[in-house]
Amino acid sequence: MQGVFTAEEMRRLDRRAITELGIPSATLMENAGRGAADAIVAGLRELGAPPRGARVVVVCGKGGNGGDGFVVARWLKRHGARPSVMLAFPSDEIGGDAGRKLAELGRAGIRPLPLEDDAAAAARLARADVVIDALLGTGSRGAPEGNIARAITLINRSARPVVALDIPSGISADDGGHQAAAVQAVLTLTFAGLKRGLITGPGAALAGRVRVIPIGVPDVEVARGVTTFLLEARDVRRHFPPRPRGAHKGTYGHLLLVAGSLGKTGAAALSAASAMRAGGGLVTVATPLSQQPIVASLVLEAMTEPLPETAARTIGLKAREVVAELATSRDAVAVGPGIGLDAETRQVARSLVAELRKPMAIDADGLTALAGHLKALSAAPAARCLTPHPGEMARMLETGVADVERDRIECVRAFATCHGAYVVLKGAGSVIGAPDGRVFVNPTGNPGMASGGTGDVLTGMLGAFLARGLEPGAALQASVFLHGLAGDIAAERVGEESLIARDVIAAIPEAFTRLRVDAD
């Protein structure tokens with residue numbers, strides 16, 4: 001997994017590299033620019049466009065990001081490209097390391113040009129094979145103004161492929177948000193480590209493909225103190241070694257799934273089917289008495305157990321003892337899909353969360369039952385894994401969705417550490433939090449998964465992995481990653497517009513196959 005940094009964390013890393021490791025700041029800038037130039041040359045070759053003679057326009061600001069751009073231009077010339085540099089500020093305003101790199105640029109025979117009138121600048125950009133955004137780095141704050149805002153607009157209007165250095169200009173390095181215009185890149189070459197704004201919020205879409213460029217700081221130093229990570233296939237693959245020849249269904253756990261009510265038997269069926277596809281050995285669905293025949297007919301591979309029910313055909317208060325007894329011989333429990341919001345049902349859900357001594361996945365109506373009763377999590381005798389979407393998280397926290405979405409990473413970190421639970425905040429770039437304060441961002445999944453029932457699929461996969469004996473954090477990471485990967489495969493097959501939950505279940509087998517291939 002890769003570390004993910006805030007702007008302040010990256011500043012601290014730079015300071016340690018300079019003061020403790022003795023790497024001059026100018027050397028870090030040179031390493032960044034040279035590495036970026038090498039990556040750009042490699043990218044041109046991959047596209048069948050040899051770097052020799054390639055027209056590259058580097059649009060530079062006056063800070064460190066501009067300095068990186070000057071180095072990039074110089075090294076691109078060495079590779080045979082035809083770089084030109086446009087300055088958003090007068091050259092006499094550029095000082096420090098950036099000023100020294102500007103002087104080196106002149107000695108290399110490249111004469112920077114001021115940002116001309118819009119028509120002249122637009123014409124120069126339109127002739128470029130590639131445009132390099134070196135206007136603003138991770139330290140910028142607030143909305144771009146003046147010539148910077150003008151340059152961003154001209155870059156985007158050029159319709160040329162844009163490579164951003166460190167982060168697309170205009171994007172917040174911390175949350176991916178932007179207050180005004182921001183550069184739309186096809187590739188972002190970010191230095192030393194990933195920035196949060198490249199993998200979450202609007203910035204994830206504006207960054208294009210992201211590649212980390214080392215700047216000469218040892219890996220062990222880069223990793224020191226990191227608490228936020230981007231999941232990778234190899235992080236998940238290790239939890240699924242080849243099955244031993246002597247394995248049997250008991251080897252892979254028995255999940256008790258408490259799910260379903262009148263009109264919501266589909267949620268129970270989807271969760272059960274996904275648990276089986278995720279490699280669970282046995283699945284028992286505990287569902288209201290009147291709904292048991294329906295659930296049994298929908299999922300042939302799962303077993304069913306009837307539960308006492310309310311007049312509304314949801315799980316009744318007397319089901320608490322029945323579920324507790326059933327759980328004693330199962331390896332894990334999943335609660336919530338389609339159970340409904342009857343007062344008795346919510347009381348049962350809270351009791352199960354607080355009392356069952358088995359690892360548990362909690363989703364959907366089970367999460368709503370916890371709103372105003374989060375102490376049940378802290379008192380739970382075994383691990384609890386929650387899978388809320390932003391609305392469910394907002395209900396549990398008794399706040400608004402906008403407050404949850406404002407900083408998804410820190411919202412999840414605070415919830416997990418405060419309540420001693422494992423939690424994933426679903427959505428684009430789902431965010432997974434652990435009680436020890438670590439947070440993991442998931443890179444898989446697509447907008448087509450915004451469809452009823454896909455959350456039930458995740459619950460089944462998570463429950464199966466808990467029943468298989470995976471550590472709770474590993475189970476949550478693996479289920480979220482594979483669920484998104486299955487969704488991506490399903491989108492390849494049917495498209496995002498037509499994707500439904502059953503398509504995701506059907507793609508789980510190939511997701512396991514790709515997991516092994518992608519991790520190699």
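Predicted model, so just to flag it, every value in this text is computed and none were measured.
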Would you tabulate the side-chain donor-acceptor contacts of residues 271-285 under 3.5 Å, counting partners in other chains and residues two or more places apart, or write 'none'?
residue, atom, partner, partner atom, Å
Ser271, OG, Ala267, O, 3.2
Ser271, OG, Asp456, O, 2.8
Ser274, OG, Leu270, O, 3.2
Ser274, OG, Ser271, O, 2.9
Ser274, OG, Val457, O, 2.9
Thr284, OG1, His254, NE2, 2.8
Thr284, OG1, Arg330, NH2, 3.2

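- Partners of Arg45 by side-chain contact (heavy atoms from CB on, under 4.5 Å), not counting sequence neighbours, listed by chain and number: Val41, Pro51.
- Ala450 meets the side-chain contact (heavy atoms from CB on, under 4.5 Å) test with no other residue; sequence neighbours excluded.
- Contact annotation: the side chain of Val423 never approaches that of Thr387 to less than 4.5 Å [non-hydrogen atoms, C-beta and beyond].
- For Glu9, there are no salt bridge (Lys or Arg N to Asp or Glu O under 4.0 Å) partners two or more places apart in sequence or in a different chain.
- Contact check for Arg514 versus Ile489: side-chain heavy atoms found under the 4.5 Å cut-off.
- Ion pairing of Glu398 with Arg395 is absent here, as no side-chain N (NZ or NE/NH1/NH2) approaches a carboxylate O to less than 4.0 Å.
- For the atom pair CD (Glu232) and CZ (Phe481), the distance works out to 8.5 Å, reported to the nearest 0.5 Å.
- Side-chain atoms of Pro168 and Thr188, non-hydrogen and from C-beta on, do get closer than 4.5 Å to each other.
- Taking 4.0 Å as the cut-off between side-chain N and carboxylate O, Lys358 and Asp331 do not count as a salt-bridged pair.
- Taking the charged nitrogens against the carboxylate oxygens, Arg350 and Glu355 have no contact shorter than 4.0 Å, which rules out a salt bridge.
- Annotation: side chain of Asp166 is in contact with side chain of Asn65 (closest heavy-atom distance under 4.5 Å).
- For Pro381, the side-chain contact (heavy atoms from CB on, under 4.5 Å) criterion is met by Arg357, Arg384, not counting sequence neighbours.
- One distance of note links CZ of Arg160 with CD1 of Ile155; it measures 13.5 Å at 0.5 Å rounding.
- One finds no salt bridge joining Asp14 and Arg11 here, because no Lys/Arg side-chain nitrogen approaches an Asp/Glu carboxylate oxygen to under 4.0 Å.
- Between Met1 and Leu230, every side-chain heavy-atom pair lies at or beyond the 4.5 Å cut-off.
- By the side-chain contact (heavy atoms from CB on, under 4.5 Å) test, Asn446 is found to be paired with Met449, Asp488, Ala491, Glu496, Leu499, residues two or more places apart in sequence or in another chain being considered.
- Environment of CG in Asp219: sparse, with no more than 12 heavy atoms of neighbouring residues, nucleotides or ligands closer than 6.0 Å.
- In this structure, Phe240 and Phe512 have perpendicular ring planes: the angle between them is above 60°, well past the 30° mark.
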